*Asks:* 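Take a look at the following structure, please.
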Amino acid sequence: MRPLMALKMTSVVKTIASSYFEKGFAVVRNFLPMSDISKIAAESDAIINKHWKEIEESVKNGDGLKNGVKCGDFVFSLNNVGFDENFNVKSNRRNTMNFVGFKLHAVSDLFKRVVFTEEAKLILKHLEFRHPVVYQSSIIHKAPGAPSLSLHQDEAYLNNEPKGCGVNFWIAIEDATEDNGSLVIYPGSHRTVKCRKVGLTEQGAYDDIDKSKLVKVMVKKGDLVLLNSLVVHGSEANNTNAIQRSLEFSVYDKHRVQWSKENFMQDGDTYKFTQMY
């Protein structure tokens with residue numbers, strides 16, 4: 001059964017919404033078909049290859065690894081694990097990336113189609129989003145050897161009020177396992193844990209929470225994880241020899257929130273704010 005057909009079943013939609021409201025996250029299996037997942041992976045590689053000359057020059061000049069590289073419509077964040085001491089690629093170009101963003105939904109027909117699906121719109125309506133706006137979309141790369149991502153809350157990096165009126169769509173491009181960097185989530189923390197801004201490699205910021213309640217969310221490629229913008233989450237290290245990637249796009253409800261001018265993300269050259277419906 002196609003995802004849209006299943007999602008239109010009232011009981012399924014209610015289960016997704018119930019989990020999201022109670023736990024701060026929900027898993028939707030087989031959200032995108034394998035044909036789309038293959039196209040996303042191929043287009044992501046094509047974007048990197050198209051801009052590789054500029055990326056490589058920036059890395060060898062000493063700027064790229066520290067500040068990232070902006071090439072045309074794309075921003076490339078790079079990691080250390082994909083390069084050797086002479087800044088040569090160890091295995092392949094995709095393993096040098098942290099992410100490719102931030103407005104894929106606005107500059108690529110493929111990404112526009114997979115972000116603005118009827119399935120995504122249906123979910124948002126059941127999550128009570130009146131005027132949902134996509135403000136960023138990226139391919140997240142968890143390269144072999146990439147470290148864990150510390151626990152954090154996405155809302156902490158924004159200055160919007162009220163809090164908790166945003167959601168992240170996280171779609172697996174490869175299977176996410178315990179060994180290659182699956183998400184780790186603290187269920188219910190969107191309602192119980194005070195929002196705090198921490199560094200993404202900082203340790204100890206959430207020592208006051210009960211770590212025994214953390215759950216590892218293992219999913220297959222094509223599966224979707226919905227994350228409330230206040231839920232505490234992170235990801236494991238990738239201890240395998242293969243990359244683990246995801247498509248992530250972030251949405252806020254313009255009906256409930258006025259986007260703060262103090263936010264580092266603003267509609268313009270780097271980010272493109274686009275209403276879903």
Side-chain angles (χ1 to χ4, degrees), residues 2-3 6 25-52 55 74-83 89-102 104-105 108 110-115 117 119-120 123 136-152 154 167-185 200 214-227 231 233-250:
R2 290 281 297 148
F25 77 98
V27 177
V28 183
R29 302 293 181 185
N30 303 309
F31 182 72
L32 286 183
M34 291 302 100
S35 57
D36 280 344
I37 294 300
S38 297
K39 290 174 183 176
I40 290 169
E43 180 144 344
S44 177
D45 285 343
I47 291 170
I48 295 169
N49 289 332
K50 180 179 179 180
H51 295 281
W52 184 252
I55 295 168
F74 305 99
V75 175
F76 301 88
S77 172
L78 302 148
N79 63 53
N80 289 311
V81 300
F83 296 95
V89 175
K90 288 182 179 178
S91 56
N92 60 65
R93 294 171 180 176
R94 73 172 70 99
N95 286 350
T96 68
M97 297 286 150
N98 289 319
F99 62 75
V100 179
F102 288 104
L104 304 179
H105 63 283
S108 160
L110 171 64
F111 286 109
K112 181 178 180 179
R113 179 172 62 78
V114 298
V115 168
T117 61
E119 290 91 337
I123 288 173
Q136 77 86 24
S137 54
S138 306
I139 297 292
I140 310 300
H141 290 230
K142 181 75 90 166
S148 61
L149 185 65
S150 296
L151 295 175
H152 63 283
D154 294 331
V167 59
N168 279 342
F169 285 67
W170 189 98
I171 302 168
I173 299 173
E174 282 89 20
D175 294 354
T177 70
E178 187 173 2
D179 295 324
N180 75 356
S182 68
L183 289 169
V184 179
I185 304 175
L200 296 183
L214 290 169
V215 296
K216 297 177 182 179
V217 181
M218 269 103 39
V219 294
K220 297 292 187 180
K221 58 184 178 180
D223 290 350
L224 162 68
V225 183
L226 294 165
L227 294 162
V231 75
H233 67 287
S235 65
E236 300 280 24
N238 186 350
N239 296 315
T240 72
N241 294 320
I243 197 167
Q244 186 260 97
R245 291 173 292 180
S246 59
L247 167 62
E248 178 185 87
F249 60 94
S250 305

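What you see is a predicted model, and the numbers here were worked out from it, not measured in a lab. Sequence positions, counted from 1, serve as the residue numbers for this chain. Values below: all heavy atoms of this structure, side chains included; hydrogens, waters and symmetry mates excluded.
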*Asks:* What's the spacing between Ser138 OG and Arg245 CZ if we round to 0.5 Å?
*Replies:*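 The OG atom of Ser138 sits 14.0 Å away from the CZ atom of Arg245.
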
*Asks:* In terms of side-chain heavy atoms, does Thr177 have a donor or acceptor partner in Asp179 at a distance below 3.5 Å?
*Replies:*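 Per modelled atom types, Thr177 and Asp179 side chains form no pair under 3.5 Å.
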
*Asks:* In Å, rounded to the nearest 0.5 Å, how long is the span from CD1 of Ile171 to CD1 of Ile173?
*Replies:*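 If I round to the nearest 0.5 Å, the distance is 8.5 Å.
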
*Asks:* Using a 3.5 Å distance criterion without hydrogens, assess whether the side chain of Asn98 forms a donor-acceptor pair with backbone atoms of Leu78.
*Replies:*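 Yes: the side chain of Asn98 pairs with the backbone of Leu78.
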
*Asks:* Sequence neighbours left out, what passes salt bridge (charged side-chain N to carboxylate O under 4.0 Å, His left out) with Arg93? Give chain and number order.
*Replies:*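 Per chain and number, Arg93 pairs via salt bridge (charged side-chain N to carboxylate O under 4.0 Å, His left out) with no residue.
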
*Asks:* Just by distance, do the side chain of Lys216 and the backbone of Ile185 share a donor-acceptor pair under 3.5 Å?
*Replies:*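 Side chain of Lys216 to backbone of Ile185: no pair is present.
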
*Asks:* Find out whether Thr96 and Trp52 are in side-chain contact, i.e. whether some heavy atom of one side chain is under 4.5 Å from a heavy atom of the other.
*Replies:*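 In short, these two side chains touch, coming nearer than 4.5 Å.
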
*Asks:* Which heavy-atom pair separates Met97 from Ile55 by the least distance, and what is that distance?
*Replies:*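 Here Met97 and Ile55 meet closest at CE-CD1, 3.9 Å.
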
*Asks:* Do Glu174 and Ile243 come within less than 4.5 Å of each other through their side chains, counting heavy atoms only?
*Replies:*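 Touching, per the 4.5 Å side-chain cut-off.
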
*Asks:* Ignoring hydrogens and angles, tell me if any N or O in the side chain of Asn79 forms a donor-acceptor pair with the backbone of Gly82 under 3.5 Å.
*Replies:*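 Pair found, side chain donor or acceptor close to backbone of Gly82.
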
*Asks:* Within the distance-only criterion (no hydrogens, no angle test), does the side chain of Asn238 pair as donor or acceptor with the backbone N or O of Ala242 below 3.5 angstrom?
*Replies:*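 Indeed, once roles are kept as given, a pair shorter than 3.5 Å links the two residues.
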
*Asks:* Name all residues meeting the ring-ring contact (aromatic ring centres under 6.0 Å, His included) criterion together with His141; count only those two or more places apart in sequence or in a different chain, and write none if there are none.
*Replies:*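 For His141, no residue satisfies ring-ring contact (aromatic ring centres under 6.0 Å, His included) once neighbours in sequence are set aside.
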
*Asks:* Among Asp36, Asn30, Val28, exactly one meets side-chain contact (heavy atoms from CB on, under 4.5 Å) together with Leu32. Which residue is that?
*Replies:*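 Option passing the side-chain contact (heavy atoms from CB on, under 4.5 Å) with Leu32: Asp36.
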
*Asks:* Do Ser246 and Gln244 pair up side chain to side chain, a donor and an acceptor below 3.5 Å, judged on atom types alone?
*Replies:*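 Judged by distance alone, the side chains do not pair up.
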
*Asks:* For Asn168 and Asp154, test the side chains for any donor-to-acceptor distance below 3.5 angstrom and give the result as yes or no.
*Replies:*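 The criterion, which ignores hydrogens and geometry beyond distance, is satisfied for Asp154 and Asn168.
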
*Asks:* Taking the six-membered ring where the residue is Trp, are the ring centres of His105 and Phe249 under 6.0 Å apart?
*Replies:*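 Ring centres of Phe249 and His105 not closer than 6.0 Å.
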
*Asks:* Working note: Glu248 + Ser137, criterion side-chain hydrogen bond (donor to acceptor under 3.5 Å, both in side chains); need CA distance, chi angles, decisive distance, verdict.
*Replies:* CA-CA 6 Å; Glu248 178 185 87; Ser137 54; over 6 Å; no

*Asks:* Is it true that atom NZ of Lys220 has more than 12 heavy atoms of other residues, nucleotides or ligands lying nearer than 6.0 Å?
*Replies:*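 Incorrect, the count does not exceed 12.
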
*Asks:* Can a donor-acceptor pair be found, under 3.5 Å and without considering hydrogens, that links the side chain of Ser44 to the backbone of Ile40?
*Replies:*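 No: the side chain of Ser44 does not pair with the backbone of Ile40.
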
*Asks:* Tell me every residue that passes ring-ring contact (aromatic ring centres under 6.0 Å, His included) with Phe102, counting only those two or more places apart in sequence or in another chain.
*Replies:*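 Phe102: ring-ring contact (aromatic ring centres under 6.0 Å, His included) contacts with Phe99, Tyr271.
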
*Asks:* Listed by chain and number, what are the side chain to side chain contact (heavy atoms under 4.5 Å, CB included) partners of Val219, not counting sequence neighbours?
*Replies:*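 Applying side chain to side chain contact (heavy atoms under 4.5 Å, CB included) to Val219 gives Val27, Arg29, Trp170, Ala172, Ala176, Val217, Asp223, Val225.
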
*Asks:* Run the ring-ring contact (aromatic ring centres under 6.0 Å, His included) test against His152 and tell me which residues pass, sequence neighbours left out.
*Replies:*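 Per chain and number, His152 pairs via ring-ring contact (aromatic ring centres under 6.0 Å, His included) with His233.
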
*Asks:* With sequence neighbours left out, write down each residue that passes ring-ring contact (aromatic ring centres under 6.0 Å, His included) with Phe25, or none if nothing qualifies.
*Replies:*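 For Phe25, no residue satisfies ring-ring contact (aromatic ring centres under 6.0 Å, His included) once neighbours in sequence are set aside.
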
*Asks:* Could you verify whether a donor N or O on one side chain and an acceptor N or O on the other, from Gln136 and Ser250, lie under 3.5 Å apart?
*Replies:*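 Yes, a side-chain donor-acceptor pair sits under 3.5 Å.
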
